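To start, the structure itself, in structure tokens.
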Amino acid sequence: FFSTMASADLLVFATLVYVSVFLAPTSGLLYETSFFILIASAVIVAAMIYRGESGSTQVKVPALKAGIAFFLILSLDIPATRMGYFSTLRGLQSVKASLPRRVASGVFETLDVNHDDILQETENPGIKAMDFDHDGKVTRDEFVNWSKDNKHCQVKKSETNEVYCSKYCDEVLEAAKIRQKALRRVRSLHPIGSYFSAGFDRQREKIQSEKITEIFESKTCERILGSVDHTNTIVNTFCVIWFFTASTALVILTRSRWTLDVKKKE
């Protein structure tokens, strides 16, 4: 049957879970200590449950329930790791959005040998497709608009030799490296989540250090940039299910009273 544990205790539990799983992994101030905050939360929850069961006639029950609660809270490092991923990849969204314009502007400056912000078709025959008003000249804005409106980097990095697309693929590669470095940092701060992430990689026979090379050999630069801030949907779903399962188990654990029946041998 259910115990009469104070609602205030459940509110404390909910607050600790929120801070440990959602706030700390996404906060610049608490990020580095997020796993230690999770450990502290697990200790507090276990202590509160042990105290709430201290009046039990079953000697082993308080310690057993406290231990289960401790490991349930620690298991929330799995979804906490995912929250760290989301927070980190959010920073790549601005890089992703600005990359085409930044690359186009850089290539334009390379081609603009006269530094007058105008490309002459007589000097650069390849810019004819960018000359929207057919005046034999291409301005910086025309060049940038062309780079945004045309799907001209639908090739793999190893297959491109065009100036703009080559530079574009180089920048996409740098963005992919930033992503990989950021995700490694997240894993280094979440040992439990990192263990399960590594297990998922092993199951897919993927090695993080080889992942970038493999991706650029199999996908176009444009497609890679499009997914540079994305995460694996299957893992995301698993983390959501795990969070609600562990949280529900914790609530049931705190609201129920156990009785261990020990039969004596005759």
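The structure displayed is predicted, hence computed values, not measured ones.
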Q) What residue among Pro25, Ser27, Ser20 forms side-chain contact (heavy atoms from CB on, under 4.5 Å) with Ile37? A) Ser20
Q. Hey, are Glu171 and Lys96 close enough for a salt bridge, meaning a charged N less than 4.0 Å from a carboxylate O?
A. no
Q: Identify the heavy atoms of Ala175 and Val228 that sit nearest to each other, and give their distance.
A: O-CG2, 3.9 Å
Q: Provide the closest heavy-atom pair for Asn236 versus Thr231 in the form atom of the first, atom of the second, distance.
A: ND2-OG1, 2.7 Å
**Q.** Backbone of Thr237 reached by a side-chain donor or acceptor of Trp242 within 3.5 Å
**A.** no
Q.
Using a 3.5 Å distance criterion without hydrogens, assess whether the side chain of Ser75 forms a donor-acceptor pair with backbone atoms of Leu72.
A. yes
Q: Determine the minimum heavy-atom distance between Thr81 and Asp77, stating which atoms define it.
A: OG1-O, 2.6 Å
Q: Verify, without hydrogens or angle tests, whether Lys65 (side chain) and Leu253 (backbone) share a donor-acceptor contact under 3.5 angstrom.
A: yes
Q.
Any donor-acceptor pair under 3.5 Å linking the side-chain atoms of Tyr85 with those of Arg187?
A. yes
Q: First locate atom CG of Leu23, then atom CE of Met83, and finally report the distance between them rounded to the nearest 0.5 Å.
A: 10.0 Å
Q | SG-SG distance Cys221 to Cys165 under 2.5 Å | A | no
**Q.** Reported CG-to-CZ distance for the pair Asp141 and Phe108, which is rounded to 0.5 angstrom
**A.** 9.0 Å
Q | Value rounded to 0.5 Å, distance of CD1 in Ile215 from CG in Leu173 | A | 10.5 Å
**Q.** For Tyr31 against Gly84, the heavy-atom pair lying closest together
**A.** CE1-CA, 4.4 Å
Q | Test side-chain contact (heavy atoms from CB on, under 4.5 Å) applied to Arg82 and Phe238, step by step | A | CA-CA 10 Å; Arg82 217 61 190 168; Phe238 172 79; over 6 Å; no
Q: For residues Ser41 and Ile73, report the shortest heavy-atom separation together with the two atoms involved.
A: C-CG2, 4.2 Å
Q) Out of curiosity, Glu222 CD to Tyr168 OH, how far, rounded to the nearest 0.5 Å? A) 5.0 Å
Q: For atom CZ of Arg102, decide whether the heavy atoms of other residues, nucleotides or ligands shown that lie under 6.0 angstrom number more than 12.
A: yes
(Q) Applying a strict under-4.5 Å side-chain criterion to I, L, V, M, F, W and Y, I'd like to know whether Val251 and Ile49 cluster together. (A) no
Q. Do you reckon Val21 sits in the same ILVMFWY cluster as Ile241, going by side-chain contacts under 4.5 Å, direct or chained?
A. no
Q | Side chain proximity check, Leu189 to Phe35, heavy atoms < 4.5 angstrom | A | no
Q: For atom CZ of Phe86, decide whether the heavy atoms of other residues, nucleotides or ligands shown that lie under 6.0 angstrom number more than 12.
A: yes
Q. Can you tell me if Arg179 uses its side chain to pair, donor with acceptor, with the backbone of Glu174 under 3.5 Å?
A. no
Q. Between Leu250 and Ala69, which heavy-atom pair has the shortest distance, and what is it?
A. CD1-CB, 3.9 Å
Q: For atom CZ of Phe196, decide whether the heavy atoms of other residues, nucleotides or ligands shown that lie under 6.0 angstrom number more than 12.
A: no
Q: Ignoring hydrogens and angles, tell me if any N or O in the side chain of Ser105 forms a donor-acceptor pair with the backbone of Arg101 under 3.5 Å.
A: no
(Q) Looking at Asp229 and Arg90, would you say the former's side chain and the latter's main chain have a donor-acceptor pair under 3.5 Å? (A) no
Q: Would you check if the side chain of Ser188 reaches a backbone N or O of Arg185 as a donor-acceptor pair within less than 3.5 Å?
A: yes
**Q.** Spatial distance of atom CD1 (Ile192) from atom CG (Leu38) [nearest 0.5 Å]
**A.** 6.5 Å
Q. Would you say Thr15's side chain and Leu11's backbone share a donor-acceptor pair under 3.5 angstrom?
A. yes
Q) Would Ile78 end up clustered with Phe36 when hydrophobic side chains under 4.5 Å apart are linked, directly or stepwise? A) no
Q. Just how far is it from atom OG of Ser194 to atom CG of Leu183, taken to the nearest 0.5 Å?
A. 11.0 Å
Q) Can you tell me if Ser34 uses its side chain to pair, donor with acceptor, with the backbone of Leu30 under 3.5 Å? A) no
(Q) Students often mix this up, so state it plainly: with edges at 30° and 60°, are the rings of Phe243 and Phe22 parallel, tilted or perpendicular? (A) perpendicular
